[in-house]
Structure formats: C-alpha cells, structure tokens
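Numbers restart at 1 for each chain; the letters A, B, ... are given by sequence-line order, proteins then strands.
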Amino acid sequence: MEILNFLHYSFIQRAFFAGSFVAIICSALGLFLVLRKMSLIGDGLSHVSFGAIALGLFFGIYPFYIAIPLVMLSSILILKISEKAKIYGDAAIGIVSAVGISGGVILASVSKGFNVDLFSYLFGNILAISTTEVILSVILSFVVLAVIYFFYWDLFSATFDEEYAKTTGIKTNFINILLTLLTAITVVLSVKMVGIMLVSALLILPAVTALQLVKGFKRAIIISSIVSLFSVILGISVSFFADLPAGATIVMINALFFGVAILYKKSV
Amino acid sequence: MNPIIEAKNLSVNYGQTEALKNVSLMVEQGDFIGLAGPNGAGKTTLVKAILGLLPVLSGKIELFGIEKEKFNDWGKIGYLPQKLSTINALFPATVDEVVTLGLLSQKKIPRRIGFSDRKRANEILQELGIDNLKKKMLSELSGGQQQKVLLARALVSNPQVLIFDEPSTALDPESREFFFQLIQRLNKQKGITVILITHDTSYIGQYANKLLYVDKSLVYFGKFSDFCRDQKMNSYFGEYEQHIICHQHN
C-alpha cells in the first residue's frame with residue numbers, strides 16, 4: 001500500500017519506536033497518579049524540566065542529562081515540602097513548578113543565545129527525535145516498566161488504601177518516593193514527544209479513558225496502555241499527512257478517545 | 001495464656017495535643033475485647049499505634065512477643081478500618097482484587113499473587129456468602145456489602161488477631177447482627193482474638209468477654225463480669241451507665 005510508504009522514513013520509525021515506549025509508561029503510571037489525585041504532578045515536573053533544559057543549554061550539556069537527575073530531585077522535593085511544611089501536595093507542586101519555570105526564564109534571558117532551542121521544548125517534536133534520544137527513551141522505559149512490574153502489588157495496594165497497605169507491611173513512604181521518581185523520568189522522556197505544555201495530558205487522558213471503560217485495576221492498566229499506544233501511532237501518522245504538530249495531534253486524539261469513552265459509557 | 005499484644009505505658013500525641021496517656025494492657029489469645037470510650041477518647045488512636053500507623057510518644061508495644069519495630073509477620077493481624085473514607089470511590093478494583101490485597105502481608109518483594117492465592121480469596125468470599133460479587137467493583141456495592149468485602153480482605157490471610165474499628169457504622173440492624181455473630185463464631189470456633197472498637201456500649205457485652213474502656217487514659221480493662229461488680233466503675237460511670245453497659249451481657 002502506497003500510503004504506508006511513510007513508514008520507510010527513518011525519522012518516522014524512530015518516532016514510532018520511542019513514542020510507543022513512552023506512551024506505555026505514561027499510561028501505566030498515569031493510572032496510579034490519577035487515582036491518587038496526583039495528576040498535576042506531571043504538569044509541575046514538566047515545568048521543572050523547562051528550567052533544567054535551560055540549565056543544560058546554558059552550560060552546553062546535553063539537556064536530558066541535566067533534566068533527568070534534576071527533575072527526579074524536584075519530585076522528591078515536592079514530597080518533602082508537603083511533608084515538612086505540612087501543606088497540600090498541589091501547593092508543593094505549584095511552588096516547585098514556579099521555581100522551575102522562573103529559573104528557565106532567567107537563564108534564557110541571561111544567555112540570550114539559546115531561546116529558539118529552549119522554546120522548541122515547549123511543544124516538543126517527536127519527529128525530530130535523535131537516535132541517542134531513542135536509545136535513552138527505550139532504556140529508561142524498560143527501567144520504569146521493570147520497576148512497575150516488580151512493585152505492582154505494592155503500588156496497587158498503596159494507591160487503593162495507603163493506611164491498610166501499611167498494616168500489611170508495605171513501606172508506603174518508599175512506594176510514594178518510587179512513584180514520583182518514575183514520574184520524573186517519564187515526564188522528561190515525554191517532553192521530547194509532546195512538549196512541556198502537554199506532558200500531563202499523556203499521563204491523564206489514557207488513564208481517565210480506561211476508567212470509563214473497564215472494571216478491574218489490571219484491565220484498566222491494559223486498556224490505558226492500548227489507548228495511549230494507539231493515540232501516539234495515530235497521532236504521528238495524522239501529523240505527518242496533515243502537516244500538523246505531532247505532540248498536539250497526539251493529545252487531541254487522546255482527548256477524542258476520552259470523549260468516545262464517555263459517550264460509550266453513557267450508552268450502556 | 002500467651003500475650004498476643006502487650007502495651008506498656010503507651011502515650012501518643014497529635015502535635016501538642018495529648019491523645020493517649022500511659023496506657024498499659026495485655027491482650028491474650030482467644031480474647032474478645034470490646035474497646036469503648038466516648039468520642040475522641042483515643043480508641044482509634046490506640047489501635048493505630050498498635051498497628052504502627054501512628055508514631056508513639058513513649059512506651060513500648062510487643063506483638064506476639066516481638067517488639068513492634070522488629071515485628072514483620074503482619075499476616076497474623078487482620079484489620080478492618082472504620083470506614084471507606086481513605087478509599088477512592090472511583091477506584092476500578094474488583095472485589096477479588098481487593099480481597100487478594102490481604103494476602104500481601106505474607107509475600108516477600110517482589111510480591112506476586114498466584115493461582116492458590118486467588119483460590120484462597122474465592123474460598124473466603126464463599127464463606128462470607130459474597131462470591132457472586134467477586135467481579136463487581138467495590139464502588140458498585142452497598143455499604144454492608146463493602147464492609148463484608150473488607151472483612152474478607154482482613155480474614156484472607158488467616159489472621160490470629162482481628163481488629164475492627166466501629167465495623168457496624170454502615171450496617172443495617174440485620175447485617176449488624178450477622179456481622180457480630182460471624183465475629184463471635186470466628187472467636188469461639190477458630191480461637192481468633194478480637195479487638196472491636198465501638199462507641200455503643202449497650203450491646204457489646206453480648207459478644208465480648210473483656211471490656212477495655214479508654215478516655216485519653218485507661219479507665220478499665222478486664223472481664224465484663226468484673227466490670228459490672230466494680231464499685232470504682234460504679235462511681236466513675238454512675239449506676240445507670242454501668243447498668244446500660246452490663247445489662248445485655250450473657
């Protein structure tokens with residue numbers, strides 16, 4: 001089929017390959033975050049990644065090498081601020097997020113040389129993903145998936161009823177830290193795909209779509225992953241043929257699936 | 001008798017506020033303890049301190065003869081919390097998934113749920129007469145059904161102690177009766193030790209053999225029958241209140 005010729009382009013292959021992995025980790029983690037009412041941590045951490053990428057560009061270091069550890073550190077900071085200052089998690093996310101954005105803007109203003117580079121990260125472009133970024137995405141996605149598999153029941157129990165989970169000997173503080181660290185890695189990987197502004201959509205939309213459709217936690221993770229995967233593949237394809245920005249197209253298709261799921265749920 | 005739970009001079013604070021002061025008690029195997037007291041008296045605080053859900057200001061807790069900090073055999077203790085407030089109502093978990101969470105205390109990391117675990121969950125659902133609900137979501141069930149599911153989660157690990165925090169709150173009188181008879185049966189036939197928190201002291205004497213009454217500190221801990229004859233309790237509660245607590249005791 002002629003229409004499938006676009007699959008021969010190496011940039012499309014890279015986009016599909018890296019995008020599929022990132023889609024799956026976003027959807028799996030997103031379900032835990034949505035059910036814990038922590039959806040906006042993705043938004044907050046993506047803002048931190050703006051500052052971290054700016055720092056990388058400022059010092060001439062590959063941005064992701066700076067962004068991954070810095071965003072992971074910030075995710076711990078969010079937990080610690082809400083714990084030590086006894087404020088709600090959303091306020092802690094707001095604080096860290098604002099500091100991240102402000103840092104990025106100040107660095108961009110001081111350097112005056114990398115504004116174009118920095119602002120390209122706001123909306124991402126998976127079609128411009130490099131081979132190094134693909135390798136990084138795949139390796140880190142495997143790490144995230146392995147940790148989810150290893151701690152699946154601990155994550156499930158602590159998300160369902162944290163207090164009860166403690167009475168079964170699950171170290172819920174450790175599980176909470178683990179979840180935010182995995183989210184930090186996932187957010188940085190997603191920035192290249194959909195951009196800083198839209199990362200949280202990748203975490204939230206597949207999860208809430210699955211929650212409309214299925215009974216059972218395991219099924220919800222599976223459906224969420226399928227929805228996310230289809231959205232990315234369809235989004236990249238549509239963006240190629242219609243000459244639209246890939247990240248925004250992926251998010252719009254995700255939103256479309258969510259709308260269909262709501263209509264389906266109402267009809268049954 | 002072996003002490004199952006032992007607390008020595010236990011004090012718990014919420015910030016600067018004193019929640020429990022100097023409570024000492026010893027729970028023995030086979031006890032059915034009614035834990036009573038007015039609202040805000042520290043009943044739930046005491047249970048949460050025992051379960052390690054709250055930090056202790058001072059004092060010592062031993063579970064099955066082991067210091068709580070070193071204790072890791074949590075499958076021996078089944079817990080049924082006060083209400084579902086900590087549980088997200090939209091959570092997609094099915095009944096059988098929820099019940100299997102009770103088995104995690106017996107698993108080492110990486111915890112895995114296998115065929116025999118699912119079979120065990122099914123058995124306990126059958127025992128409680130709710131196996132027909134196993135593929136339903138918890139949020140679809142009535143308050144009484146949800147309470148039974150959480151009881152199944154507490155029972156699935158074959159615990160030696162069951163701790164209930166006001167279990168009858170969501171139940172109608174008929175379900176409450178069923179529930180209490182079931183707990184009594186588990187206590188009498190299987191020898192499971194029971195600690196049951198209640199603010200309603202008027203019926204607990206029908207089931208429990210010991211009364212633990214707290215009001216920020218320990219007011220009374222001992223046999224129901226002794227409580228009813230205790231002159232000190234008579235002057236503490238007054239004759240009418242003491243009679244109300246005692247009169248249904250068999």
With only heavy atoms counted, which part of B:Lys48 is less than 4.5 Å from chain A, the side chain, the backbone, both or neither? side chain

Between A:Leu140 and A:Ile68, is any pair of side-chain heavy atoms under 4.5 Å apart? yes

List the steps and the verdict of side chain to side chain contact (heavy atoms under 4.5 Å, CB included) for A:Ile25 and A:Val144. CA-CA 7 Å; A:Ile25 57 171; A:Val144 172; 3.8 Å; yes

Side-chain heavy-atom pair B:Arg153, A:Asp161 within 4.5 angstrom cut-off: yes

When you measure from the centre of the six-membered ring of A:Tyr149, is the NZ or CZ of B:Arg112 under 6.0 Å away and within 45° of the axis? yes

Regarding B:Lys210 and the six-membered ring of B:Phe32, is the cationic atom NZ or CZ under 6.0 Å from the ring centre and inside 45° of its axis? no

Chain A heavy atoms under 4.5 Å from B:Thr100: which part of the residue, side chain, backbone, both or neither? side chain

Tell me, for B:Glu140 versus chain A, whether the close heavy atoms (under 4.5 Å) come from the side chain, the backbone, both or neither. side chain

With chain A as the partner, which of B:Ala154, B:Gly78, B:Gly102 has the greatest number of non-hydrogen pairs under 4.5 Å? B:Gly102

Donor-acceptor pair, A:Ser157 side chain versus A:Asp154 backbone, under 3.5 Å? no

Side chain, backbone, both or neither: which part of B:Leu103 has a non-hydrogen atom closer than 4.5 Å to chain A? neither

Any idea which of A:Ile170, A:Thr172, A:Leu211 has the most non-hydrogen atom pairs under 4.5 angstrom with chain B? A:Ile170

Note: vs chain A, highest number of non-hydrogen pairs under 4.5 angstrom among B:Asn72, B:Asp73, B:Leu80, B:Thr94 is B:Thr94

So what's closer than 4.5 Å to chain B heavy atoms on A:Phe150: side chain, backbone, both or neither? both

Checking B:Val95 against chain A: side chain, backbone, both or neither under 4.5 Å from a heavy atom? neither

Between chain B and each of A:Tyr152, A:Phe156, A:Trp153, A:Phe217, count heavy-atom pairs under 4.5 Å; write down the option with the most. A:Trp153

Ring centre gap for A:Phe151 and A:Phe174 strictly below 6.0 Å: yes

